[in-house]
Amino acid sequence: MNAETARSIIDQLATSQSVMLATNDIILYSSLAFAITAFVIWLGPNTKKR
């Protein structure tokens with residue numbers, strides 16, 4: 001295996017890991033936003049049934 005092939009493999013590994021970390025962050029922030037929104041709706045006023 002020459003040096004260029006090794007660099008290419010390492011680059012692909014680093015790229016795939018960075019995409020995974022970014023995806024984890026997006027899922028985390030989305031779930032936090034969902035939980036906060038659900039909590040705010042839960043605290044909202046109740047509607048009166050007619």
Side-chain angles (χ1 to χ4, degrees):
M1 177 182 326
N2 60 14
E4 188 61 34
T5 304
R7 281 190 207 108
S8 176
I9 291 171
I10 292 172
D11 181 55
Q12 288 175 351
L13 285 171
T15 302
S16 66
Q17 291 297 311
S18 65
V19 168
M20 182 196 64
L21 290 173
T23 304
N24 286 345
D25 286 345
I26 290 172
I27 296 296
L28 174 67
Y29 296 141
S30 298
S31 64
L32 286 174
F34 178 77
I36 290 170
T37 304
F39 186 69
V40 168
I41 291 172
W42 184 57
L43 291 178
N46 291 336
T47 57
K48 294 182 180 178
K49 295 182 181 179
R50 295 182 183 191

Hey, what else clusters with [X] if you join Ile, Leu, Val, Met, Phe, Trp, Tyr whenever side-chain heavy atoms sit under 4.5 Å?
{"X": "M20", "value": "L21"}
{"X": "V19", "value": "none"}
{"X": "I26", "value": "none"}
{"X": "L32", "value": "L28, Y29"}

ask   = T5: what forms a side chain to side chain donor-acceptor pair (under 3.5 Å) with it, not counting sequence neighbours?
value = N2
ask   = Which pairs count as salt bridge (Lys or Arg N to Asp or Glu O under 4.0 Å) when at least one residue sits in residues 5-31, sequence neighbours excluded?
value = E4-R7
ask   = Taking only residues at least two apart or on different chains, which pairs with a member in residues 30-44 satisfy salt bridge (Lys or Arg N to Asp or Glu O under 4.0 Å)?
value = none
inquiry  = Restricting to side-chain contact (heavy atoms from CB on, under 4.5 Å), what partner residues turn up for F34, sequence neighbours left out?
reply    = none
